[in-house]
Structure formats: C-alpha cells, structure tokens
Amino acid sequence: MRSETIIRFVLVRYGGKPAVVISVAMASGGDGLALGKALHSAMKTAAAGLPAGMKLFQVEDQSLVIREAVNTFLIKFAVALTVVLLVAFISLGWRSGVIVALSVPLTLSAVALYMGAMNISLDRISLGALILSLGLLVDDAIISIEAMVVQLEAGHNREDSAAFAWTHTAFPMLTGTLLTVVSFLPVGLAHSTTGEYAGEIFWVSGAALIFSWIVAVIFIPFLGVHLLSEERDARSLEKTKQSRTALIEAKLHVLLVTTLRHNRTIAGGTILVLFLSVAGLFFVDQQFFPQSDRPELIVDVAMRAGTSIEQTSKLAGYLEKNLIGHSSLHHMETHIGDGAPRFYLPYGPATPSASHATLLLVAQDLHAREDLIRTINAIPVPPDVNLHVQRLSLGPTADFPVQYRIIGPDPSQLRTIAQDVAAILSRTGQAVGVQSDWGSRTPTLTFDADPDRLALFQTDRDGVASQLQAVISGTIAGNIPSGQKRIPIIVRSGTPLRNDPGQWNDIPIRTGVGMMPLGQLGTIRPTSAFPILWQRNGELCLTVQSDVISSVQPAGVVQKAAADIATLTHKLPAGYRIEIGGDAELSDTANDAIFTLLPLTGGLMLLLLMLQLQNVPRAFLVIASAPLGLVGAVAALLAFQAPFGFVALLGLIALAGMIMRNTILLVDQIQTNHQAGMSADEAVIAATMTRARPVVLTALSAIFAFIPLSFNVFWGPMAIVMIGGLIGGTVLTLVALPAVYTLLFDRSSRQIQDLHHV
C-alpha cells in the first residue's frame, strides 16, 4: 500500500493547448456591465505580468451579451414607440398626439422607480416585459384623450370634457387594467422553474399597466385642459362630423344594423370559428422555450463508464484536430473529466467523470453554428462513444429534449424495453443521437463471497468490500491544508497490483483470525454489468434520450412516437411503466403550475367585473370574450409557421386581458345608454360606435408596437400571437359581441330597420 496526493482529475485545453480556466461570478445585485469593465481592466494588468509563452484569453463575456441585449431592446423600443406615437398623431391630431407621447415617459419613469425599489434588474425577461407593456400602456391614455376630443367636438369646454373623461372612463378602465394585470397572475405566482424564470413579467407588466392608468386618469385630463384647443366654429365642427360620419360611422352603422338583424347567425358563426381555432392549435408546432440566438455549442462526449481520463483526453484531442482551423469556428475550449463552467443560466454542466468530456465551441455566427453541427455529426467515432451536440436554450430545458423513463425492478428487462423505445424513436426519422443514461454493459470482475468461509474466518461481506475498495480504488486517509482548501490524501495499492486482476486472489484481507488471501474467502469471476444504475424515487429508472433534427420541435417527435409508445406500454409486464420526460414534461409542469392558479385568477376577475357591472350575466359575458383573440392568434401562428410555447402562451394571456378590457368598456357604455332611455338595439349600436375609435386605435398602436418584436427569437411567437389576436379580436369585439349581447339580454321582438338614424 502507498499514499499519493490527488488534486483533481480534470484537464482543460483551449484551442488544443493546455490551459487553466478562471471563472468569475457576479455578486447578487451586481451590475453586469460594470463587472465587465472591471474584468477587462484586470485582464490587461494580469496579461502584462504573465511569464513568456503564456497568454490570457477571455472565452465568455457576459457583459458583451448584456450590452447587445440592452442595445437591441433600446432600438426595438425606440421603433415601437415611434410607431405608436405616429398612430396617435395621425389618428388624433398633433395636440392629442403630444399628450399621448408625454404619457409614455411619465409611465416608464414610474416603472423604473418601482423596478429599482423592488431590485428588479434589466434582463431578458424584464426587458421583454417592458416591450410587452409598451403595446399596452398607451391604451388608457388613448381612451382618455379620445373621450375628451369627442366632447370637445360636441362643443363642450375643456374642463367639462376632462370631467367627462374621468366620470365615464376612469373606473371601467381601472377594471379593465386590473383584469389584464390579474391575467398575468399565474405567471408571477406559479411554483415551477419556469415561473421563477419568467415571473418578472407579472411584476413589471402589472406595474406598467397600473401606472399607465394613473397617468391616463390624472395627468392626461390635466394636460388636455392645458394643451387641447376648444376653438370649434360651426363650419369646422360640421366638416369634422360629416367626414367622420360619412367615411366611417355610416358604414359601421350599417354593419351593426345588419349584424343585429342576423345576431343568431353571427353568434353561431363566432362559436364555430372559435372551435376551428382550437382545432387549429393541433396543427401548430409545440415548443417549450426557443433555442438561443447565441453562437455557442456544447458537445458532451460520453465514453464507456470506467474509461480512464487518458483515453477520454485522447478522443477529445481527436475531435479537436477535426475542428481546429474550421472556418466556422471562432474558438474552442475543452474540459476533460468535468463539464464547462456554468456561464449561462439555463445551461447545466455535466456530472464530473473521467469518462466524460465537454467541448465548448463558439461559432462565428448563427449560420456558422449550424455548419459546425453538421461537421461534428460527420466525424466518425467508435460505436461505444456517444456525442451530444446541443445549442443553448433561452429558458429552462432538459439535457436531452426528448426523454422516456422506463421504471421497473429488473435491469435486464429495463434494458430490453429501452431497446424497443430507442427503436421507436429512431423510426420517427426526427430523433438523433438516441442513447440511454445507463450506457452499455461493460466487462467486470465479480467477487462471489463464500458465506461459510466468511463465517469460518470471522468476517463479513461489508468488511471484505471496504478493504477491496481501499486497495483497488482508494480511500481518503486524511487531508493537507492548502490555504482555504484541503487537499485529500488517497491511500491505495500500487499501480502494478491495481492493473493486474491476476494478482487479486492474493490481496491480503484482514479477518478475525488474521490476514487471509482474498481467494480463500470466495471466487473472482468475469462477467458484464451496467456501470451505472440510476434510481428515481427509490425505483430503478433507465432513461432513453435523444436530440432532434433542427427542423422539428421536441414535442413533434413525442407526438409522432406516441402511438407506438402507447402500444408498447400496453404490452409491458406488471411492475413496469414508461414516463415521458424532457422538454415535454417540463412544459406540462410549467403549464400545470399556471393552470392550478386559473381558478383563483377567474375568481378575482369575476369579483372585479361584479364590482364594476353589478350584473352576473354581463360579467360572465366579459369573461367569455377572452378567447376571441384565439381566432387571429392561431391563424397568425399557422401563417408564419411560428411555434406555440410558453412565450406564446404569455401572449394569449395578455391578449385575453386586452380584449376583456375593451369588452368591459363596451358593456359599461351599453348599460349607460340603457339608463339614458335607449332601446336595446339603440344602446348597443350607439355604444359600439362610441367605443369603436378608441378600440381600433389602441389595437393599432399595440399591433405596430409588436411588429419590431416579432423578429426576436425569444419574443417573436408572443408578438405574432398578439398581432394576429388583436386583429381578429378587435373585429369580433366590434361585430360579434354586439350580436351576442342582444341575443342574450334582449329577448323581446324588435324592429331595427328604423335604426339607421341613431
């Protein structure tokens, strides 16, 4: 026996040359850009003092990523803000447009103060939430200023117009704003990894919407009193009224009369279109989180368990030689015996193992990244070596996007079932790199202890096993202090004995009667076994896992294999089962966490509506209008071939809130008209025509605000959902909702032909 000091079996190379990696993590609450500047300064100082032949390279620079993300946000924000303001200037005039424009910095300043007080930093989620809010925060301002403009056009003075905007729109807008905020509640309170990752959307968007309402009901009327003009001579007023009525209101009036005349047909058609939209979701690609737009690639190399670090290093060097000098490669870092440092939140480093290596490749750009993937897949490797090439994800994700867990008591039976599952995945033609986490059986030597001999020599299996462990693998006998660390001292036998199984029968084992050769206590026989047996909740669990080709989503592979997996499941022996893991499981877990909070969300929405409308059927009508945006959203997803995932689900939630806000404003106006003595049809038509312009303007401002965001990898599906949903939802709100309202709340026989002059 001899002792030796082992620091760690990890090798690192940069560009194929030996290297040492220094990883720096930012302290909680730190500034990423400030940290980047400090590191650059420290690098210059350190590089100047390096010995000859040594160089210092920065492999990852998070401050650069942050700077690019912030700059991209500012560009998209500026474009979206410009478009929104253009809509306001063109549709409302320059005075009203200036007032709407002033509402934006007022709201954002309040949001910035709130984020600072709540320690919410600018990151991908909070920046996206601000852009999402931009499409929403001018809605209340437009509604408020529109109400004032209409009153001014009717000849009222500025003070009375401002008072009208407060009395007729403030509280319906508040209810609608709170409805939109509550619709994001499941995202903010969801108890899941995804909820933790994306929860800032609720807090940032909610704050922006509430502050936008405060600005709309306090500052907008104040600015309107001081900036709007009430000078309206009879000719200009008549001209304005004629132009508005002749070009827009007359056509809308005719459309509404026709709609109410055929309200049953309109209502039935709306329900049919909604059903078709729900069915259309099955034809939309399902996605959990999109792939990152960063150029990094992670290549995990898994060799047969028990492989020495020297052999793993040799294979990693073989891969390096095939990649160094490639035109698509910017630089490469290799970690042998360990995974790469966690330089990116959704990335999880591999478990340290001498038989594992990780290559961190940084491509020249996204096109070069895909070229590198094709190159790696074309490199021939031994059959017992598994390569796992993965792009970074923009959200929580599994190591392998497609996973099936086979659970049961017998390892051999689990392996047989796993082979069937692997064959099913391979037949889909969309799964690549199919493998199991147990690996392949490896040759092994098994010591069969003789119970009678153990009893005779006064020892047991545990005593023999611990001594064999110490001789062959080693045991920790102490440690050596080294600064703040302690280096373990491993005690084991010399290399000649450890590497020669023929000598193992002569290994001395301490027993109750003295030292005895191992061969006197049992028999050593060659066999094969799985090097690793994973368990899940105390049960043996073998996972079959794979990547997918770049043109499909993981959910598509799972769906394609579903029928064959179901058939195999029915044939399983008693005590065995198959569970779906990977991105499909993560997506279901995230959705379940949200759906669990839907009853609370629905209850709060109903409470808000009851406080505003004080009528149960009308409150349920507002809630029932939430799915109207699904029609345009599904059509847009299909038209642009965009996937539906967690981010797109956020868009649907925001869309539902916006549509309900428009609905409650419309229903509230209908009730006001009823109280003024109008008949059912008159009240519906007058309310719809009154609310049409603010509804259309707010929809247009949001649509144009989301156009720049639709080209973003992460937020693109959400923007597409919002754009399509707002187009379809706005049309249905102004056409289908009046028909449904009269169908539900006016059962008397009516003649509406005389309503052309309402």
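The shown structure was predicted, so the numbers you read here are calculated from the model rather than taken from an experiment.
- In terms of heavy atoms, Pro643 sits closest to Pro717 at O-CB, 3.6 Å.
- The number of heavy atoms from other shown groups lying within 6.0 Å of CE (Met54) does not exceed 12.
- For Gln641, the CD atom counts as loosely surrounded, since its 6.0 Å shell holds 12 or fewer non-hydrogen atoms of other residues, nucleotides or ligands.
- Note that CD of Glu579 is 10.5 Å distant from OG1 of Thr569, once rounded to the nearest 0.5 Å.
- Within the 4.5 Å cutoff, no side-chain heavy atoms of Gln390 are placed close to those of Pro401.
- With sequence neighbours excluded, the residues satisfying salt bridge (Lys or Arg N to Asp or Glu O under 4.0 Å) with Arg374 are Asp371.
- Val301 has its side chain out of reach of Thr312: every pair of non-hydrogen atoms, C-beta onward, lies at least 4.5 Å apart.
- Looking at Asn386, its side chain never comes within 3.5 Å of a backbone N or O of Ala302 through a donor-acceptor pair.
- By the 6.0 Å contact criterion, NE2 on His331 is enclosed, its count of non-hydrogen atoms from other residues, nucleotides or ligands being greater than 12.
- A donor-acceptor distance shorter than 3.5 angstrom exists from the side chain of Ser493 to the backbone of Val471, with no hydrogens or angles considered.
- Checked for salt-bridge contact, Lys17 and Glu320 miss the test: no charged N lies under 4.0 Å from a carboxylate O.
- A 6.0 Å sphere centred on CZ of Arg342 holds more than 12 heavy atoms belonging to other residues, nucleotides or ligands.
- A distance-only check finds a donor-acceptor pair linking the side chain of Tyr576 to the backbone of Asp410 [under 3.5 Å].
- Taking 4.5 Å as the limit, some side-chain heavy atom of Glu585 sits within range of a side-chain heavy atom of Arg405.
- Among residues two or more places apart in sequence or in another chain, the side chain to side chain contact (heavy atoms under 4.5 Å, CB included) test is passed with Ala449 by Phe447, Leu454, Arg461.
- Counting only distance, with no hydrogens or angles, the side chain of Arg369 and the backbone of Arg294 share a donor-acceptor pair below 3.5 Å.
- Summarising the local packing, CG of Leu533 is surrounded by more than 12 heavy atoms from other residues, nucleotides or ligands at distances under 6.0 Å.
- Between Thr358 and Gly339 the shortest heavy-atom distance is OG1-CA, 3.6 Å.
- In this structure, the side chains of Phe644 and Asp285 stay at 4.5 Å or more apart for every pair of heavy atoms.
- Ile594 is listed as a side-chain neighbour of Leu649, based on a closest heavy-atom distance under 4.5 Å.
- Using a 4.5 Å cut-off on side-chain heavy atoms (C-beta onward), Pro481 and Arg486 make contact.
- Looking only at distances, a side-chain donor or acceptor of Arg13 sits under 3.5 Å from a matching main-chain atom of Ser313.
- What you find for Leu568 and Val421 is that their closest heavy atoms are CD2-CG2, 3.7 Å.
- Judged by distance alone, with hydrogens and angles left aside, the side-chain atoms of Gln364 form a donor-acceptor pair with the main-chain N or O of Leu329 at under 3.5 Å.
- Among residues two or more places apart in sequence or in another chain, the salt bridge (Lys or Arg N to Asp or Glu O under 4.0 Å) test is passed with Asp384 by Arg304.
- In this structure, the side chains of Leu297 and Arg391 come closer than 4.5 Å at one or more pairs of heavy atoms.
- By the 4.5 Å heavy-atom criterion applied to side chains, Leu540 and Pro411 are counted as neighbours.
- Trp504 places a side-chain N or O within donor-acceptor distance of the main-chain N or O of Leu497, the cut-off being under 3.5 Å.
- Across every non-hydrogen atom of Phe57 and Met43, the tightest pair is C-CE, 4.4 Å.
- Across all non-hydrogen atoms, the minimal contact from Ala561 to Ile424 is CB-CG2, 3.8 Å.
- His388 places a side-chain N or O within 3.5 Å of a backbone atom of Asp399 that can act as its donor or acceptor partner.
- Arg453 places a side-chain N or O within donor-acceptor distance of the main-chain N or O of Gln520, the cut-off being under 3.5 Å.
- To the nearest 0.5 Å, atom OG1 of residue Thr307 and atom CG of residue Leu315 are 9.5 Å apart.
- Other residues, nucleotides and ligands contribute over 12 non-hydrogen atoms within 6.0 Å of the CG atom of Leu281.
- In this structure, Asp500 contributes its side chain and Pro496 its backbone to no donor-acceptor pair below 3.5 Å.
- When all heavy atoms of Thr334 and Ala316 are compared, the pair lying nearest together is CG2-CB, 4.0 Å.
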